[in-house]
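Data block below; observations after.
None of the values given here were measured: they were computed from a predicted structure. The residues of the chain are indexed from 1 along the displayed sequence.
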Amino acid sequence: LRDAILHEVQHWVQDQSAAKEGFINNKDRPQAEQDAVARFKAAEKANEKAARAVLDDAQKLVQGLTVSEKRAAMNVVTDTNLPLHRRAAELIDMVGNNADNDANVDAFQNSLDEYREAAKGFNTANRMKRIRYLRNPTEAEAYFTQANSRTAQADLPINPETDPDYGTEV
């Protein structure tokens, strides 16, 4: 806890001394990364809508199943511990052929593919943001303070910022 507090105190010191150059925020992201994040959020929203449509059709989809299979399928539909897309996917697996040629199921499968594809760009954008964050001089300085909170003053390097690799661990 002490290390984390010192890390944040170091940021406060930087704020007071106006050493904010290199500060990272979402508005500073390159346009390609902003587009990847926006694409992911749109795909996520579309996938959630499609999953809801599948779950709303559950009564129709379970037709022809045994009573115990219907009960199990409806348990999946109402399981709030699972995200919507997981519930929809499990329901589709459980109903088998009943899901064939269902427009909502097809729309869900397509939205899931788009969601997964958009997630790749989103993850890449977040990795790049993290790399910039770790290379940020103010963040490197704060991590140095945190990492050396128990180091005697005499044992500290004179200028840790001269090490070009300091703070770039990913």
Side-chain angles (χ1 to χ4, degrees), residues 3-4 7-8 10-11 14-15 19-65 69-144 146-147 164-170:
D3 297 346
H7 176 103
E8 295 308 322
Q10 179 65 37
H11 282 306
Q14 292 161 347
D15 286 347
K20 294 183 179 183
E21 61 277 347
F23 182 73
I24 304 291
N25 66 42
N26 286 331
K27 294 177 185 172
D28 295 333
R29 282 186 150 182
Q31 188 60 47
E33 286 182 28
Q34 291 180 36
D35 293 346
V37 171
R39 180 176 173 230
F40 173 76
K41 288 180 178 180
E44 183 178 42
K45 188 174 181 177
N47 180 252
E48 185 173 303
K49 183 178 178 183
R52 283 186 193 280
V54 168
L55 296 173
D56 290 345
D57 277 356
Q59 290 293 338
K60 180 180 83 172
L61 292 171
V62 298
Q63 295 299 319
L65 298 180
E69 290 171 332
K70 283 181 185 177
R71 192 170 294 135
M74 295 313 287
N75 284 342
V76 167
V77 170
T78 59
D79 185 354
T80 58
N81 292 318
L82 294 175
L84 288 175
H85 71 274
R86 188 70 204 134
R87 286 190 264 167
E90 286 193 25
L91 176 63
I92 292 167
D93 287 344
M94 294 175 93
V95 300
N97 293 338
N98 289 2
D100 291 345
N101 301 318
D102 184 278
N104 287 333
V105 170
D106 292 341
F108 170 72
Q109 297 289 15
N110 291 335
S111 74
L112 190 57
D113 292 341
E114 290 173 20
Y115 173 77
R116 288 176 176 153
E117 191 60 35
K120 293 176 188 175
F122 179 76
N123 290 338
T124 299
N126 283 337
R127 275 193 300 278
M128 297 309 296
K129 181 180 179 184
R130 175 98 174 126
I131 288 169
R132 283 193 307 278
Y133 166 77
L134 291 173
R135 289 184 178 160
N136 178 319
T138 59
E139 199 58 44
E141 196 173 72
Y143 273 115
F144 176 82
Q146 181 178 352
D165 293 328
Y166 186 79
T168 60
E169 302 83 30
V170 179

| message | When you compare the side chain of Val62 with that of Glu69, does any pair of heavy atoms fall below 4.5 Å? | response | no
| request: Could you pull out all residues at least two apart from Glu117 that satisfy side chain to side chain donor-acceptor pair (under 3.5 Å)? | output: Lys120
| task | Evaluate the side-chain contact (heavy atoms from CB on, under 4.5 Å) criterion for residues Leu61 and Asn104: first the C-alpha distance (whole Å), next the side-chain angles of each, then the deciding distance (0.1 Å), finally the verdict. | result | CA-CA 10 Å; Leu61 292 171; Asn104 287 333; over 6 Å; no
| task | Name all residues meeting the side-chain contact (heavy atoms from CB on, under 4.5 Å) criterion together with Gln31; count only those two or more places apart in sequence or in a different chain, and write none if there are none. | result | Gln34, Asp35
For residues 71-79, tabulate all N or O donor-acceptor pairs below 3.5 Å that involve a side-chain atom, not counting sequence neighbours.
| from | atom 1 | to | atom 2 | distance (Å) |
| --- | --- | --- | --- | --- |
| Asn75 | ND2 | Arg71 | O | 3.4 |
| Thr78 | OG1 | Met74 | O | 3.1 |
| Thr78 | OG1 | Asn75 | O | 3.4 |
| Asp79 | OD1 | Asn81 | N | 2.9 |

| field | side-chain hydrogen bond (donor to acceptor under 3.5 Å, both in side chains) pairs, two or more places apart, involving residues 106-115 | value | Asn47-Ser111
| remark: For Lys49, the side chain to side chain donor-acceptor pair (under 3.5 Å) test, sequence neighbours excluded, returns none
| request: Report the C-alpha separation of Met94 and Leu65 in whole Å, then their side-chain angles, then the decisive distance to 0.1 Å, and conclude whether the side-chain contact (heavy atoms from CB on, under 4.5 Å) test is met. | output: CA-CA 9 Å; Met94 294 175 93; Leu65 298 180; 5.6 Å; no
| Within residues 88-100 or reaching into it, pairs that qualify as side-chain hydrogen bond (donor to acceptor under 3.5 Å, both in side chains) - sequence neighbours excluded | Arg86-Glu90
| remark: Looking only at heavy atoms, the pair that brings Ala99 and Ile92 closest together is CB-CG2, 4.0 Å
| Do you know which two heavy atoms are closest between Ala50 and Phe108, and how far apart they sit? | CB-CA, 3.6 Å
| query | Which one of Arg127, Arg130, Arg39, Arg132 satisfies the salt bridge (Lys or Arg N to Asp or Glu O under 4.0 Å) criterion with Glu33? | reply | Arg132
